[in-house]
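Inspection log for the structure reproduced underneath, given as structure tokens.
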Amino acid sequence: MIDYLKGLNERQKEAVITIDGPLMIVAGAGSGKTKVLTTRIAHLMAQGVDAFNILALTFTNKAAKEMKERVEHILGNHEARNLYIGTFHSVFARILRSEATKIGYPSNFTIYDTDDAKSVIKTVINEMNLDDKHYKPSTVYNRISSAKNALVNAEEYKNDWHIQQEDMRANRPAIAQIYDSYAKRCFKNGAMDFDDLLIKFYELLKTVPESLSKYQRRFKYIMIDEYQDTNPAQYEIIKLLGAMHENVCVVGDDAQSIYSFRGATIENILQFQKDYDNVHVVKLEQNYRSTKNILNVANEVIANNKGQIEKTLFTDNGDGEKLKLVRTLTDNDEGKFVADTIQEQKLRNHYRNKDFAILYRTNAQSRAMEESLRRMGIPYIIYGGISFYQRKEIKDFIAYLRLIVNPRDEEALKRIINYPVRGIGKTTVDKCVLFANEQNISMWEVLTRAQEYGFKAGTLEAIDNFVTMIRSFASMLQKNNAYDVAVHVGKQTNIVKELFNDKSTEGLQRYENTQELLNSIKEWVDDTANRQQIDDDGVMIEEEKLFDEPEKPQQELSFDAAPAQTEEQKKLGAVTLGAYLQQITLLTDADDKDPDADNVKLMTIHAAKGLEFECVFAAGLEEQLFPSALSINTREELEEERRLFYVVITRAKKKLWITYANTRYKFGQIVQNEPSRFLDELPEQYVDKSYAGGGLRNQSSGSSFGGGSAFDRMKGGFGNRNNDYTDVANAEKRYGAPPKANTSKPSYATPPARPQTVEHKPAADFVASDTSNLEVGNKVEHQKFGFGEVIKMEGSAHNPIATVKFELNGEKKIMLNYAKLRIVN
DNA sequence: TACAGTGCTTTTTTT
DNA sequence: AAGCACTGTA
């Protein structure tokens, strides 16, 4: 075993060896939080605590996986596999899978993602004859979700005066009713949405004493990462689970609380100290991640927030470079600047692609970045946005699988009942739903008893065929693993073939996606089976059996009297389709991307929480965007935006660029934004300001205005101002002369002083030479820098870079793909 | 019933 | 810009 206490500082050591009683670790950014958590788990186990008795809740699946691996590494054995580590949602889903029947759900309950949930809400709204333009499913969903996260059920929602006032004011008084119907519909469908995974688990603990005591006894040590981002539902669950042993350790940083929109509240940190006596508090204030310059800026920025736990981050790291604050004309120019700078940094400082992250406030900002990176041939990967599992073809495929496992899943059923087209159209579906509602049975049941409802012969036959097919699939579940079932379904339904026959580019892509889905199911089956192998060898014992007498096989709510666990099922073990589906919805797309792959990472700041990168670009620092226009109405909202800014700054280890554009596209229209107010908060002594009028690539302007580089265009005539700056004087003071506009185009800014260049006037007949054979010693003429001599060649064949010593302007690195050089000799 | 074309809306962040 | 719902046509 590694001497794990070595290499910890005093505070970290304190946090690790304090194992009994409530502990709160206030961990500043980059203070070695993960290290402390993993070491603490290893320490617990080294002290003889059984891994089965340790529960660790993380914010992402990725963090859970990493934690497991690191504990394993420290201990040098595989005991860590037995730890209960995962996200709140996945851990609770797993437990609920074995306990769901106690609260009336089938053990194969479906997990609805946000799209499914909204779809159900929409159905409910329409059935209530409400206008779904006014009662927008997404608005209603958010409202319900907030309620759930605060442990407010439909009944309480209806009776809460304050909540009702809010809904009245928004002229949406029916939300309480929708909430009620929605909850009932989900229950009837045997489905839980994301929030249900929390509140149903809470309900289980509250209403089933055996379950409460079982898990209280089991989880002797509880650890919670990213505690500042927990919501009241999670708080209450922890409180219940930890009540027996009170060995609850929470780790968080109030300065990084950025999920209040999801119901998270910093109150939980204060409440924690009130709820337990003698909370041991440890502050980790030494930062090991960033340079002094970066950290100083971060500290000053966050100091603008009022309420916070007092702490001061410091570091022994070097000063590092100043931060670069860069303004560009457009969002496209911003993208170009970022791509150019990455290219330049790779060559100059030998960085790899994976050393860079481009972080932004909204997913929509990725597009401009993507285009530039693609044009430069820089490999990148985008996190977030539409995940793989949200693609239509994937959801369709999975809907079949869901229906097979849980025939009450009405969302899945409606999705595929006529896909591929089989003559069960909208009219028929509507009728089925109506019958189902009238008789309070599931839509599936209506289908199985279709002959009772007087459908036309043709329709009846179509329904019959459909039911027969689904039943035949379902009969496979007991003997076949998830992969085999999926392959069979793909073949029999013709959905794969249909996509295969679509020879359009999108069709091809969709076909490939279904193949990828099948591959990933295969991978999951193999992985899971492997882990089972270890069970058989006695290293690991699966699931809850360890603690209680074996439970009675649960009544399957699926198909006509499903038999209890058979030998075959036991042999099949954990690789069932049901088990597969249970985890699939909870996967983030970050989970199946390799973080070590050598590509530039693009993601929102939210998604970057907990990560670190050598070089970071914080993009889009503009009013309306960051801080978001929607979050500037209250101090609380604004402070959360500022914390978000703090988070992005503290992701950087070595270098940080902060960029913003004068104009950018929004909903297909150009909008003009002021620089972000947060830029005012950057202390000048740590920041270099500059202007990138299109970066190095001013020969190939791809900017939306066409013709010439941004810089060139700027030199053109300026017309009338037509912008609506509200704080002109201040803006000028900060950022130089005001943006101006010519008549037809948006305003341009005058750049702050650039590095001095002695202007060179090229000859009238200047013609760029072919520079593919350029070599050291060549004399050249550059359009702007004048005459010089090539002193060094580097870069790759398709992106050569020459270092030229100019007579008047000194040494410059010239990217030959973009610059025009005339070879003189 | 199925598809094609048209107009309309888009809330920041996510399990 | 783009996706979606709705309308009209075959």
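Note that this is a predicted model, so its numbers are computed, not measured. First the proteins, then the strands, lettered A, B, ... as listed; each starts at 1.
Aromatic stacking of Phe261(A) on dT13(B): satisfied, with centres closer than 5.5 Å and planes within an angle under 30 degrees.
For the pair Thr427(A) and dT1(B), the criterion of a side-chain N or O lying under 4.0 Å from OP1 or OP2 is met. Within the structure, every side-chain polar atom (N or O) of Asn142(A) is placed at least 4.0 Å from both OP1 and OP2 of dT11(B). In terms of phosphate contacts, Asn61(A) brings no side-chain nitrogen or oxygen within less than 4.0 Å of OP1 or OP2 of dT15(B). Distances shorter than 4.0 Å separate none of the side-chain N or O atoms of Ser628(A) from OP1 or OP2 on dT13(B).
Judged purely by distance below 3.5 Å, without hydrogens or angles, the side chains of Glu623(A) and Asn673(A) never pair a donor atom with an acceptor atom. Inspection of the Asp113(A) and Thr585(A) side chains reveals no N or O donor paired with an N or O acceptor under 3.5 Å. No side-chain donor from either of Tyr112(A) and Asp196(A) sits under 3.5 Å from a side-chain acceptor of the other.
The listed nucleotides are dT11(B), dA2(B), dT15(B); the one nearest the side chain of Asn418(A) is dA2(B). Residue Tyr141(A) has its side chain nearest to dT15(B) when only dT15(B), dT11(B), dT13(B) are considered.
Using a cut-off of 4.0 Å between Lys/Arg side-chain N and Asp/Glu carboxylate O, Asp409(A) and Arg402(A) are scored as salt-bridged. Taking the charged nitrogens against the carboxylate oxygens, Lys392(A) and Asp396(A) have no contact shorter than 4.0 Å, which rules out a salt bridge.
Summarising the geometry, the separation between CG on Leu625(A) and P on dT13(B) is reported as 10 Å, rounded to the nearest angstrom. If you measure from atom CD of Gln390(A) to atom C1' of dT14(B), you get 10 Å, rounded to the nearest angstrom. Atom CD1 of Ile424(A) and atom P of dA2(B) are 11 Å apart (whole Å). Computed from coordinates, the Leu198(A) CG to dT15(B) C1' distance equals 8 Å when rounded to whole Å. dT15(B) atom C1' lies 9 Å from atom CD of Gln234(A), rounded to whole Å. Taking atom CZ of Arg422(A) as the reference point, atom P of dA2(B) lies 12 Å away to the nearest angstrom. Rounded to an integer number of Å, the gap from CG of Asn363(A) to C1' of dT14(B) is 10 Å. Taking atom NZ of residue Lys148(A) and atom P of nucleotide dT15(B), one finds them 18 Å apart after rounding to whole Å.
Nucleotides dT13(B) and dC4(C) place their P atoms 16 Å apart, quoted to the nearest Å.
Nucleic acid contact for Tyr259(A): sugar-phosphate only, since backbone atoms but no base atoms lie under 4.0 Å from a heavy atom of the residue. Within the nucleic acid shown, Thr60(A) has no heavy atom closer than 4.0 Å to any nucleic acid atom. Within 4.0 Å (heavy atoms only), Thr114(A) reaches at least one base atom of the nucleic acid. Backbone-only contact: Lys136(A) has heavy atoms under 4.0 Å from sugar-phosphate atoms and none from a base.
A ring-centre distance under 6.0 Å is not found for His606(A) and Tyr383(A).
Note on ring orientation: taking the six-membered ring where Trp is involved, the planes of Phe92(A) and Phe88(A) are perpendicular (angle over 60°, cut-offs 30° and 60°).
With Glu371(A) contributing its side chain and Ala368(A) its backbone, the two residues share no donor-acceptor pair below 3.5 Å. Distance alone, capped at 3.5 Å, places no donor-acceptor pair between the His89(A) side chain and the Asp195(A) backbone.
For the pair Arg664(A) and Glu622(A), the minimum side-chain heavy-atom distance is below 4.5 Å.
Taking for each of Val421(A) and Ala607(A) the nucleotide of DNA chain B with the nearest heavy atom, the 5'-most of the two is the partner of Val421(A). Projected onto DNA chain B by closest heavy-atom contact, Glu637(A) and Thr585(A) fall at different nucleotides, the more 5' of which corresponds to Glu637(A).
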Please list, one pair per line, the donor and acceptor atoms closer than 3.5 Å that link side chains of residues 117-125 of chain A to other protein atoms, with sequence neighbours excluded.
| residue | atom | partner | partner atom | Å |
| --- | --- | --- | --- | --- |
| Ser119(A) | OG | Glu411(A) | OE1 | 2.4 |
| Thr123(A) | OG1 | Ser119(A) | O | 2.9 |

What does the list of N/O pairs under 3.5 Å between the protein and nucleotides 5-7 of chain B look like, with a distance for each?
none

Give the B/S/- string for nucleotides 1-10 of chain C, one per nucleotide from 5' to 3', where a protein heavy atom under 4.0 Å of the base yields B, of only the sugar-phosphate yields S, and otherwise -.
BS--S-----

